[in-house]
Amino acid sequence: MHIEESQLKTFILDSGLVSRADVDLAEKDVNGANDSIGKILVNKGKLTEDDLRRMQAYILGMPFVDLKGEKLPFEVLSLIPEPIARNHNIVAFKKTETSLEVAMLDTEDLTAIDFIKKKTGLKILPRLTDADSMKSAILQYQKSLKAEFGDLIAEDVSSLKNIPVDNTDGELSGDDLKKLAEDVPVVRIVDTLLKHAILQNASDIHIEPQENELLIRYRLDGLLHDAMILPKNMASSIAARLKVLSSLKLDEKRLPQDGRFKIDSNGEKVSFRVSSLPTYYGEKIVMRLLRENVSGFTLEHLSFHGDGLERIHRAVKSTTGMILTTGPTGSGKTTTLYTILDMLNTPDVNISTIEDPIEYQMKRINQTQVRPEIGFTFSSGLRTLVRQDPDIIMVGEIRDNETASLAVNASLTGHVVLSTLHTNSAAGAVPRLMDMKVEPFLIVSTINIIIGQRLVRKLTDQKEKYLLTKAELTTLGKSVNMDKLLKVLKEEKVIGATDDWSKVNFWRVKKGANHDDAFSGRIGIHEIMKVSPAIKEIILKSGTADAIQEVAESEGMLTMIEDGIFQAVVGLTTIEEVLRAISE
């Protein structure tokens, strides 16, 4: 279903939507097999994505379907799981005994088509559609799911009205709690909460007892949202059910507990890391969702680009040294490391990891979970790993002096070491290592690159272009090197070679659009600091993070906020979202 560039060019000219001069300029900007005249015209605002899709449908002889306002049968819609539908912009809308018609925004997404074909066993008939139709169809998942789950929970809650209210003094015995945990309505409600969270692509579930109710919240794209409110008397039974699943002590409510369990949902294995904490109104339980067997990420998929991407590729080719990722909890550090591991995972190397917890399971990689309660820590695990003839080692986190020393020594003795540090910036990793008693001469001898990162919410098609005013550009210039950023935008052909900031489009949520629908998923904003000779000189003099940062920026490193503004120009996020993430 590939469209020749010459065909597309002719059709765009015949449509009269774009001038010949603009088409000729776009043709000159085409760079590589993954670029096209259509994409460049859309990026420049000369053509809308929907206009381009309609042209592609006509050239391919493929039906173009309009699903706006159409009520799709839930039994057909649900043939494609909601996460797949959202991530690949594909929905099922008509089914026969042998075939399934699917509406798509990108008919060249063969991965999605192949997945659905294997899942359903039906012949897949792709159809092109527009962004508004896709939004309308995907919204129906939520409405249908909420109705389905709402009815189920209402039915089960009504059958649990006579459950006694538990209190912090332990009104219910361990045997009573065990019976509650095995009650069919309780099992169904907990299963519903978990499946709903998976379908919503939540990263965490919060179960919070309040004075008169039980509040359930999901963390979606980094932000907490109320999911549902249940009667207060259900708190003890839901807590008991989750404790049974995670092998925790049922009658222990005065001390925090940690556990984990795993479920299989629509063929996807999901692990839940469970933490219980006594609060004034009862036990608060938080679960982190960890999807297993995740692979196939690329650095480009994580929004690395340009010179920063090249720096990582050069570091990855090295046979010794350290690659560090930095940032607060939940900033995607581990996902970046797993993606690099996936690149390094070839048959001729031995890769071993020591993690807490193991977030993704990867084939051909020896992954080990720390167990501090029995003395198996990062440092003791790392000490053993170096005796296992590894080529590449990943340490989940450098937390203490001993782990830092062992990781540095491992990289000195011919290993590639990947790890994370909790610092606010890439430059801040160096003073942190010095605080952990790592000598400056060892730091300059081992570290290749340091990646600082945050996560920002990703815009959907519910977005529109706008230009910044002179006052807004002046304000932005106080925290961003505007000249350097403009140069990078031109080098990566995001804007024209002669454009200045007065012609650079930014993106925001479309007026009238629901903010919840305007964002889906998250991408990273990064700073990639190469430990250059000039930076090594500052480290050897025990220089500050500010001094290191200054040199790194002078050598062309984009700061996180500058990379965020770059992503806002590309149309992946908004300036407000970048500023929110940087300030956290």
Original post:
Which residues pass the side-chain contact (heavy atoms from CB on, under 4.5 Å) test with T329, sequence neighbours left out?
Top reply: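 So T329 forms a side-chain contact (heavy atoms from CB on, under 4.5 Å) with H422.
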Indicate yes or no: at least one non-hydrogen side-chain atom of [X] is less than 4.5 angstrom from one of [Y].
X	Y	answer
I565	I575	yes
Y338	T334	yes
I365	K363	no
F261	I263	yes
Y466	N505	no
L341	L337	no
L299	I340	yes
S520	T460	yes

Using 0.5 Å steps for rounding, measure from the [atom1] atom of [X] to the [atom2] atom of [Y].
X	Y	atom1	atom2	result
E70	F93	CD	CZ	9.5 Å
L572	L459	CG	CG	8.0 Å
T98	L125	OG1	CG	8.0 Å
F566	L489	CZ	CG	5.5 Å
L193	I198	CG	CD1	11.0 Å
R86	K135	CZ	NZ	11.0 Å

Side chains of [X] and [Y]: donor-acceptor distance under 3.5 Å anywhere?
X	Y	result
H305	E492	yes
T339	T336	no
E355	Q369	no
H88	D106	no

[Y] backbone acceptor or donor facing [X] side chain under 3.5 Å:
X	Y	result
S78	F74	yes
Q462	V509	no
D226	M228	no
E211	Y281	no
N345	D342	no
S331	L455	no
D563	H526	yes
S246	L248	no
T573	A568	no

Return the minimal non-hydrogen interatomic distance between [X] and [Y], and the atom names on each side.
X	Y	answer
K119	L79	NZ-O, 3.3 Å
K333	P328	NZ-O, 3.0 Å
P357	L290	CG-CD1, 4.0 Å
F115	P81	CE2-CD, 4.2 Å
M104	P126	SD-CB, 3.9 Å
A137	L72	CB-CD1, 3.9 Å

Salt bridge flag under 4.0 Å for residues [X] and [Y]:
X	Y	result
E283	K243	yes
K195	D191	no
E101	R127	yes
E208	R217	yes
D130	K68	yes

Original post:
Do K463 and K510 pass the side-chain contact (heavy atoms from CB on, under 4.5 Å) test, and can you show the C-alpha distance, the side-chain angles, and the key distance before you say yes or no?
Top reply: CA-CA 4 Å; K463 61 186 178 182; K510 190 186 290 184; 5.7 Å; no
**OP:** Quick one: do V456 and I523 satisfy side-chain contact (heavy atoms from CB on, under 4.5 Å)? Show the steps, please.
**Re:** CA-CA 6 Å; V456 294; I523 58 163; 3.6 Å; yes
Subject >> S133 and S136: CA distance, side-chain angles, deciding distance, side chain to side chain donor-acceptor pair (under 3.5 Å) verdict >> reply: CA-CA 5 Å; S133 289; S136 170; over 6 Å; no
**OP:** List the steps, then state whether side-chain contact (heavy atoms from CB on, under 4.5 Å) holds for K95 with L122.
**Re:** CA-CA 9 Å; K95 177 182 177 292; L122 299 169; 3.9 Å; yes
Subject >> H196 and Y218 aromatic centres sub-6.0 Å >> reply: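 Judged by ring-centre distance (under 6.0 Å), H196 and Y218 do meet the cut-off.
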Original post:
Going through the distances and angles, do S275 and D258 end up as a side-chain contact (heavy atoms from CB on, under 4.5 Å)?
Top reply: CA-CA 5 Å; S275 169; D258 292 301; 3.5 Å; yes
Original post:
Can you tell me if NZ on K465 sees more than 12 non-hydrogen neighbours from other groups inside 6.0 Å?
Top reply: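 Yes.
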Subject >> The single option from K458, R508, R457, R522 passing salt bridge (Lys or Arg N to Asp or Glu O under 4.0 Å) against E577 >> reply: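 Only match with E577 under salt bridge (Lys or Arg N to Asp or Glu O under 4.0 Å): R457.
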